[in-house]
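Structure first, commentary second.
Computed over heavy atoms, backbone and side chain alike; hydrogens, waters and symmetry mates excluded. Here is how names work: the chains are called A, B, and so on, in the same order as the sequence lines, proteins then strands, and each is numbered from 1.
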Amino acid sequence: MAKPLSEYNRKRDFKITAEPSGAASGAQRNASALTFVIQKHDARNLHYDLRLELDGVLKSWAVPKGPSLDPSQKRLAVQVEDHPLSYGSFEGSIPAGQYGAGDVIVWDRGIWHPHDDPQTAYAAGKLEFTLAGEKLSGDWVLVRTHLKGSGDKERWLLIKENDRHARPASDYDITEAQPQSVLSGACVGNARPTPAPQKTAASVTLAGVQITHAERVIDLASGTRKLQLAQFYQSISEWLLPFLRHRPVSLLRAPEGIDGEQFFQKHSEHLAIPHIKQLDQRLDPDHARLMQIDSLAALIGAVQMGTVELHTWGATSDKIETPDLFVLDLDPDPALPWKAMLEAAQLTLSVLDELGLQAFVKTSGGKGLHLMIPLARRDDWATVKAFAKAIAQFMTQRLPERFTATSGPKNRQGKIFIDYLRNARGASTVAAYSVRARPGLPVSVPVSREELKGLRGAQQWTVANLQQRLQGLKGDPWAGYANRQRLSKQMWDTLGATQPQ
DNA sequence: GAATTTG
DNA sequence: CAAATTCAACGCGAC
DNA sequence: GTCGCG
Ligand SMILES: [Mn+2]
Ligand SMILES: [Mn+2]
């Protein structure tokens, strides 16, 4: 049943809106002279409001698509709160910020003749009636469906009966043919005289994905807009996708921009991220299904959902229990000068050289650097993590003034924490060429060993200047990355550690 | 951002 | 219909 | 057991 007039009054501030305040009409009208009105309302979504006078108020339904003269076209009509009779002649603009803000015109009005007792028929959920308006005529039926709409809103259907006023939709669309107000001749919505002027479209299609809120600024520091971030990711997709393909991915999303709420997302079961791949449940039986980005469309789909950062597992989905790389995440005390960070990286690389392991360096886009070591997918997570921990402890033992293998800010005072914990099953590390959700939108960028000494910071590249670097590159900074390496007994011995199990 | 619930 | 609310990870090590 | 971390 519809909400009463008090609901109408509660939703409106009559000091601000020009709409009439509501009071039921005391005088009981003659049942043969009931009025109806259809208002066209250019609110958030353009729709038509059908209002039938009954019991001194206007019973009201929102009809998203408006009436159709075609009896085969059933039009959804969501019942809304009763409106006062005086609302029937309201035409004008509801101010922004008010309930139902937007322009209203009286699209049609006249008399409705119920075929039966209207109170009884209304209560029964099936109103059959004849309209005598300026545009609409003939017999109509308004019938309540069993399905409730959102909340307690009742869903009805507005259907034209077959009579001499009926016309097939292919032949004639009355909302299209007669868009204007019957009071003023004014138009509203996309039927405006100059339909939606020169305003840039709010949504754009990129790589087959509709990007909504394309103009939303997601980073104040760089002024980057949502569409620009999507275009950036598209422009570097040939560099980024090889690091995303074939492995589980987690997303850091910030739909309102990096200064708004941020959250991590590891699965995509409830809401569909366009084109994203759902991985087999058996890969991680204790959790919801993991996801994977294998294509440009999926990447752009993720951006549409507000994704800024992409984090990947250190294993591929087809062999998920044996990592194909491990990470040494060098996290400096923020107070340390960049020079100390560079020296620490060189020292760690020297040890890896001693071990016979080739490592690949990337900026984190945050404070530190990431060393990535490709593996032959032979050892399990526990083994690989223990090995990374052994390196961290070995470095700390050798150079306790520079390094720590113990997490926590207190232990990191003046030092660099070698974060080996990224190498646990289920953990992830920001992918090479992922943007970071920080002011200026820095990017995690692979660099060659030769370039390392000249690095000026972990945020040297951002969405604004990465293109320039990539275009100027002579060769692949990570040449040889495809060479997978095995951990040997000799390496464990050198580190003074033993392989678990 | 999208789905769901509330008014 | 419009507005408000809800949800979108997880395990590890330090203490 | 809780907390902080990424
Ligand atoms: Mn309306
Ligand atoms: Mn780090």
| request: Could you tell me how the ring of A:His267 sits relative to the ring of A:His287: parallel (under 30°), tilted (30 to 60°) or perpendicular (over 60°)? | output: parallel
| said: Rounded to whole Å, how long is the line connecting atom CG of A:Asp42 with atom C1' of C:dC1? | reply: 14 Å
| Could you give the distance from CE (A:Met341) to CD1 (A:Ile416), rounded to the nearest 0.5 Å? | 4.5 Å
| message | Heavy atoms only, 4.0 Å cut-off, all strands: where does A:Thr406 land among base, sugar-phosphate and nothing? | response | sugar-phosphate
| message | Between the base of B:dG7 and the side chain of A:Tyr8, is one N or O donor paired with an acceptor at under 3.5 angstrom? | response | no
| Of all of residues 433-441 of chain A, which get a heavy atom below 4.0 angstrom from DNA chain B, listed by number? | none
| task | Evaluate side chain to side chain contact (heavy atoms under 4.5 Å, CB included) for A:Arg155 paired with A:Leu76, printing each intermediate quantity in order. | result | CA-CA 7 Å; A:Arg155 287 166 170 263; A:Leu76 174 66; 3.6 Å; yes
| Starting at CH2 of A:Trp313 and ending at C1' of C:dA9, how long is that distance when rounded to a whole Å? | 12 Å
| query | When rounded to the nearest 0.5 angstrom, what distance separates CZ in A:Arg51 from OG1 in A:Thr35? | reply | 11.5 Å
| Looking for any heavy atom pair under 4.0 Å, which part of the strands does A:Lys389 touch: base, sugar-phosphate only, or nothing? | nothing
If you restrict it to nitrogen or oxygen atoms, what contacts under 3.5 Å exist between nucleotides 1-4 of chain B and the protein, and what is each distance?
{"from": "B:dG1", "atom 1": "OP1", "to": "A:His213", "atom 2": "ND1", "distance (Å)": "3.3"}
{"from": "B:dG1", "atom 1": "OP1", "to": "A:Arg216", "atom 2": "NH1", "distance (Å)": "2.3"}
{"from": "B:dG1", "atom 1": "OP1", "to": "A:Arg216", "atom 2": "NH2", "distance (Å)": "3.3"}
{"from": "B:dG1", "atom 1": "OP2", "to": "A:His213", "atom 2": "ND1", "distance (Å)": "3.3"}
{"from": "B:dG1", "atom 1": "OP2", "to": "A:Lys226", "atom 2": "NZ", "distance (Å)": "2.5"}
{"from": "B:dG1", "atom 1": "O4'", "to": "A:Arg253", "atom 2": "NH2", "distance (Å)": "3.4"}
{"from": "B:dA2", "atom 1": "OP1", "to": "A:Gln304", "atom 2": "NE2", "distance (Å)": "3.3"}

| Whole Å only: how far is the CD atom of A:Glu81 from the P atom of C:dA3? | 12 Å
| field | Pair listing, side chain to side chain donor-acceptor pair (under 3.5 Å) test, anchored in residues 300-314 of chain A, at least two apart | value | A:Thr212-A:Gln304, A:Lys226-A:Gln304, A:Glu309-A:His311, A:Glu309-A:Arg436
| said: Under 4.0 Å, heavy atoms only, any strand: does A:Ala43 hit a base, just the sugar-phosphate, or nothing? | reply: sugar-phosphate
| Nucleotide of C:dA2, D:dG6, C:dA9 approaching A:Asn45 most closely (side-chain heavy atoms) | C:dA2
| query | Considering only B:dG7, C:dG13, C:dA2, which nucleotide approaches the side chain of A:Leu421 most closely? | reply | C:dG13
| said: Suppose we call two aromatic rings close when their centres sit under 6.0 Å apart. Are A:Phe36 and A:Trp140 close by that rule? | reply: no
| Which of these nucleotides, C:dA2, C:dA9, C:dG13, is closest to any side-chain atom of A:Lys385? | C:dG13
| message | My understanding is that only one of A:Val435, A:Ile293, A:Val430, A:Val303 makes a side chain to side chain contact (heavy atoms under 4.5 Å, CB included) with A:Leu310; could you say which? | response | A:Ile293
| request: Using the P atoms only, state how far C:dA9 lies from B:dT4, rounded to an integer number of Å. | output: 16 Å
| task | Would you kindly give the CG-to-P distance between A:Asp331 and C:dA14, to the nearest whole Å? | result | 14 Å
| task | Please determine, for the side chain of A:Pro64, which listed nucleotide (C:dC1, C:dC12, D:dG6) has the closest atom? | result | C:dC1
| said: Quick one: does any side-chain atom of A:Arg109 pair with a main-chain N or O of A:Val37 as donor and acceptor, under 3.5 Å? | reply: no
| said: Does any part of the side chain of A:Tyr433, heavy atoms only, come nearer than 4.5 Å to the side chain of A:Leu244, both counted from C-beta? | reply: no
| said: For a quick check of understanding: with a heavy-atom distance under 4.0 Å over all strands, which category does A:Asp49 fall into, base, sugar-phosphate or nothing? | reply: nothing
| said: Nearest to the A:Pro409 side chain among D:dC5, C:dA9, C:dC15, which nucleotide is it? | reply: D:dC5
| Gap between atoms CG and C1', on A:Leu251 and C:dC7 respectively (whole Å) | 15 Å
| request: Nearest whole angstrom, please: distance from the C1' of D:dG6 to the CG of A:Leu330. | output: 15 Å
| message | Rounded to whole Å, how long is the line connecting atom NE2 of A:His267 with atom C1' of C:dA8? | response | 10 Å
| Can you name the nearest heavy-atom pair linking A:Leu455 to A:Gln460, along with the distance? | CD2-OE1, 3.2 Å
| request: Go through D:dG6, C:dC15, C:dA3 for me and flag the one nearest to the A:Asn411 side chain. | output: C:dC15
| query | In whole Å, what separates the P atom of B:dT5 from that of C:dA8? | reply | 14 Å
| said: What's A:His41 touching, base or sugar-phosphate or nothing? Going by heavy atoms closer than 4.0 Å. | reply: nothing
| Atom pair distance, as rounded to whole Å: CG in A:Leu46 and C1' in C:dC1 | 12 Å
| Out of C:dC1, D:dG6, C:dA14, which nucleotide sits closest to the side chain of A:Ser407? | C:dA14
| Geometric class of the A:Phe90/A:Tyr87 ring pair [parallel <30°, tilted 30-60°, perpendicular >60°] | tilted
| note | A:Tyr99 has its side chain closest, among C:dC15, B:dG7, C:dA9, to B:dG7
